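Have a look at the structure below, then the notes.
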Number of protein chains: 2
Amino acid sequence: MQTIQTVARIAGVSVATVSRVINNPSVVTEKTRIKVEKVINDLNYEPSVHGRNLRTSESRLLLILIPSISNPFYADIISGIEKTAFEQGYITFIYETDSHHGRKKTYSNLLRNRLADGIISMDPTVNKQELFSLANQYPVVQCSEYDVEGSISYVAINHKLAAYDAVKYLIKLGHKKIALINSHSKYLYSRERRKGYEKALNEFNLPINTDWIYNTQKLSFENGQRASSMLLNMDEKPTAIFAVSDILAIGALKEVNMRGLKIPNDMAIIGFDKISFSNMTHPTLTTISQPRYEMGVTSATMLIEKIKGKQTKSIILDHELVIRNST
Amino acid sequence: MQTIQTVARIAGVSVATVSRVINNPSVVTEKTRIKVEKVINDLNYEPSVHGRNLRTSESRLLLILIPSISNPFYADIISGIEKTAFEQGYITFIYETDSHHGRKKTYSNLLRNRLADGIISMDPTVNKQELFSLANQYPVVQCSEYDVEGSISYVAINHKLAAYDAVKYLIKLGHKKIALINSHSKYLYSRERRKGYEKALNEFNLPINTDWIYNTQKLSFENGQRASSMLLNMDEKPTAIFAVSDILAIGALKEVNMRGLKIPNDMAIIGFDKISFSNMTHPTLTTISQPRYEMGVTSATMLIEKIKGKQTKSIILDHELVIRNST
DNA sequence: TTGAAAGCGCTAACAA
DNA sequence: TTGTTAGCGCTTTCAA
């Protein structure tokens with residue numbers, strides 16, 4: 001391993017000068033700078049993160065908090081975060097809260113211990129109190145998730161408006177009986193999307209039938225299927241389903257297919273998230289797309305600004321209705 | 001931030017003793033140990049990674065190399081790695097080679113720079129020469145991927161046998177015309193799986209028809225669909241398809257569905273990997289399951305042993321044929 | 001503009 | 001068994 005000492009010796013300068021060339025080149029004469037830079041290049045030298053961090057107590061590591069890496073929703077966000085962070089000299093690592101469940105030492109120690117310079121939290125199930133108190137001391141941003149009562153800046157879409165757009169689109173297609181497969185109301189996005197659903201119905205003077213509103217514990221394929229089955233067993237069936245996740249929608253779609261009903265004629269379905277698989281179903285799924293990669297880029301940028309001491313403001317990004325063959 | 005100094009002062013011992021309690025408790029008297037441990041607990045103290053690493057030049061960070069995080073195949077493997085690593089005091093971070101393509105400074109600098117103690121590579125496209133030379137100096141293991149000519153220990157399944165099992169199963173069902181949708185032959189797993197395919201055909205005296213062997217550049221849904229379309233346009237159509245990935249198989253399935261043909265009666269389909277979506281298609285997909293989580297656990301264990309200087313042997317794990325409704 | 005030197009938190013060699 | 005201390009690689013203050 002090459003150290004700053006080696007560079008200094010070969011270049012015939014002191015370690016302080018090498019450090020200056022790296023961190024504050026303007027105070028070094030051009031001649032010295034070029035000489036040192038040549039040695040750095042020749043040796044393929046990079047400063048030791050640990051040496052630097054011990055001195056400055058910054059780690060240039062960013063922590064990403066997600067429930068589970070197997071949820072495809074997070075993949076593009078993470079790519080966006082990773083790319084942005086790397087470009088700015090930060091490395092990211094992922095902490096899956098699901099698999100660390102019940103541990104005494106949690107992700108917050110990684111911050112307190114200066115292993116990470118900041119956190120991007122995307123976990124809706126995370127202990128809010130812990131997160132808020134952490135955010136008082138350390139840089140924290142929320143991505144996709146957010147809390148109105150908290151003071152943590154976030155990157156997200158307007159969930160209410162997105163749901164409104166989806167349901168309004170169904171209404172415009174002539175649907176009057178629209179079911180909602182929602183997640184648990186403890187999640188803000190779930191409450192917001194329900195508001196959007198109700199707003200659209202109200203606007204067109206359609207009654208809100210709570211029998212057609214189904215809440216699931218978990219955004220799973222099986223739960224989507226179960227919800228769909230329940231709706232199809234009703235005397236008065238809906239003619240369209242708005243599901244708050246593609247996985248739920250795909251479960252619903254499977255159940256409709258299995259019963260030999262036609263999509264979208266017998267039942268129209270809209271999902272949420274535009275996961276890649278939503279384009280592989282038969283028929284392909286109409287869905288709301290969140291700008292996931294951009295959300296990742298934005299939240300990483302925001303976190304790094306926060307780390308550098310700047311003020312940051314929450315950002316709402318645009319969603320998009322992607323019309324395909326299930327409606 | 002609490003340091004070892006604080007702990008030492010409060011416990012009324014030297015920093016060396018605190019360090020011993022943490023790293024080598026057996027040399028400390030029980031009385032001292034208990035006293036120090038109490039302070040450590042009270043303060044919620046954890047040693048600084050940077051201080052420790054600067055001293056020992058180990059980082060307790062593990063690097064995971066994958067092409068892209070959006071490929072669902074890697075999710076469970078990563079979970080297995082992460083969990084195992086965390087339990088042993090290591091933190092993992094992910095480096096996506098796709099998104100860092102064309103960069104001068106690559107993942108190898110992270111090792112040379114002691115930011116990571118070792119690498120688990122799962123990238124089939126990685127520069128082998130670079131990986132081999134890196135493995136001479138640093139702990140490296142391969143997971144899922146491997147190279148016969150290299151000396152890097154790996155965790156994988158027996159691809160030839162897995163393909164053989166899949167094709168033999170189709171033959172037992174009565175199929176005589178079996179197509180293979182394969183990836184590019186530059187990948188070892190692709191060559192191995194083809195060998196397994198041919199072995200099964202040979203064993204039952206079925207001819208190998210190269211028209212029915214389709215190679216794709218990329219394991220994408222679209223390529224699966226394209227391959228399937230080509231096979232269905234033939235004068236002499238196969239009656240079954242073995243695809244080397246579920247995504248390809250799902251593409252093939254979509255094309256068959258779109259043409260109004262019945263699965264498995266008109267066309268049987270087997271995929272590979274048992275990704276979660278393979279259970280959500282209509283009909284559900286028969287597939288070969290790789291023990292992904294276990295592969296992750298095993299490779300992390302192997303890497304940590306290697307880091308600790310132990311010899312490690314490559315491990316072949318068992319695959320499983322998961323019979324569902326597409327055959 | 002450059003260099004010398006202190007010190008970040010930790011471990012381990014040596015001394016007691 | 002415990003304490004003292006050097007030094008890992010780096011940045012930054014102070015001095016020249």
Side-chain angles (χ1 to χ4, degrees), chain A residues 1-37 39-40 43-61 89 109-117 308, chain B residues 1-37 39-40 43-61 89 91 109-117 307-308:
Chain A
M1 182 183 179
Q2 307 290 4
T3 73
I4 201 171
Q5 313 282 349
T6 327
V7 178
R9 191 165 30 80
I10 297 180
V13 298
S14 72
V15 293
T17 300
V18 178
S19 178
R20 285 187 197 103
V21 169
I22 295 166
N23 298 298
N24 197 10
S26 61
V27 305
V28 182
T29 51
E30 185 167 359
K31 200 177 145 201
T32 315
R33 185 172 58 71
I34 290 172
K35 185 171 62 178
V36 173
E37 277 171 350
V39 178
I40 289 178
L43 294 181
N44 191 22
Y45 165 78
E46 281 185 62
S48 151
V49 177
H50 303 303
R52 166 181 284 167
N53 302 159
L54 197 53
R55 183 60 222 235
T56 62
S57 25
E58 65 168 23
S59 67
R60 302 211 147 236
L61 256 47
N109 278 43
L110 301 173
L111 266 194
R112 296 190 216 283
N113 202 13
R114 303 238 188 282
L115 221 196
D117 289 343
K308 294 186 172 159
Chain B
M1 181 184 178
Q2 306 291 4
T3 74
I4 201 171
Q5 313 283 348
T6 327
V7 178
R9 189 165 32 78
I10 296 179
V13 298
S14 72
V15 292
T17 299
V18 178
S19 178
R20 285 187 198 102
V21 169
I22 294 164
N23 299 296
N24 197 10
S26 61
V27 305
V28 182
T29 50
E30 185 167 356
K31 199 178 149 202
T32 316
R33 186 172 57 73
I34 289 171
K35 185 171 60 178
V36 173
E37 277 170 351
V39 178
I40 289 178
L43 295 182
N44 192 22
Y45 165 78
E46 280 186 62
S48 150
V49 176
H50 304 303
R52 166 182 283 166
N53 302 160
L54 197 53
R55 180 62 220 232
T56 61
S57 35
E58 63 167 25
S59 67
R60 302 209 150 238
L61 256 47
I91 285 177
N109 277 42
L110 301 172
L111 265 193
R112 296 192 217 284
N113 201 12
R114 302 236 188 282
L115 221 194
D117 289 344
I307 288 170
K308 295 187 171 157

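Predicted model only: the values in this text are computed from it and were never measured. We use all heavy atoms of the structure for the numbers below, so side chains are in, but hydrogens, waters and symmetry mates are not. Just so it is clear: chains get the letters A, B, ... in the order the sequence lines come, proteins before strands, and each one is counted from 1.
- By the 4.5 Å heavy-atom criterion applied to side chains, A:N53 and B:N53 are not counted as neighbours.
- With a 4.5 Å cut-off on side-chain heavy atoms, A:R9 and A:T6 count as touching.
- Shown here are the side-chain hydrogen bond (donor to acceptor under 3.5 Å, both in side chains) partners of A:E58, two or more places apart in sequence or in another chain: A:R60.
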A:I40/A:I22 under side chain to side chain contact (heavy atoms under 4.5 Å, CB included): CA gap, chis, key distance, verdict: CA-CA 9 Å; A:I40 289 178; A:I22 295 166; 4.0 Å; yes

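- Taking both residues in full, the closest heavy atoms of A:A8 and A:S14 are given as CB-C, 3.7 Å, listed atom of the first, atom of the second, then distance.
- Smallest separation of non-hydrogen atoms from B:A11 and B:V39: CB-CG2, 3.7 Å.
- Chain A approaches DNA chain C within less than 4.0 angstrom (heavy atoms of the protein), and the contacting nucleotides run 5' to 3' from C:dT1 to C:dG9.
- If you check residues 18-36 of chain B against DNA chain C, the residues with a heavy atom closer than 4.0 Å are B:S19, B:R20, B:N23, listed by number.
- B:R20 meets the salt bridge (Lys or Arg N to Asp or Glu O under 4.0 Å) test with no other residue; sequence neighbours excluded.
- A nucleotide of DNA chain D counts as in contact with chain A when one of its atoms lies under 4.0 Å from a heavy atom; the first and last such, 5' to 3', are D:dG9 to D:dT13.
- Distance check: B:D117 CG to B:I307 CD1 gives 5.0 Å after rounding to the nearest 0.5 Å.
- At least one side-chain heavy atom of B:I34 sits less than 4.5 Å from a side-chain heavy atom of B:E30.
- Mapping B:G12 and B:R55 onto DNA chain D by nearest heavy atom places B:G12 closer to the 5' end of the strand.
- Checked against salt bridge (Lys or Arg N to Asp or Glu O under 4.0 Å), B:R55 has no partners two or more places apart in sequence or in another chain.
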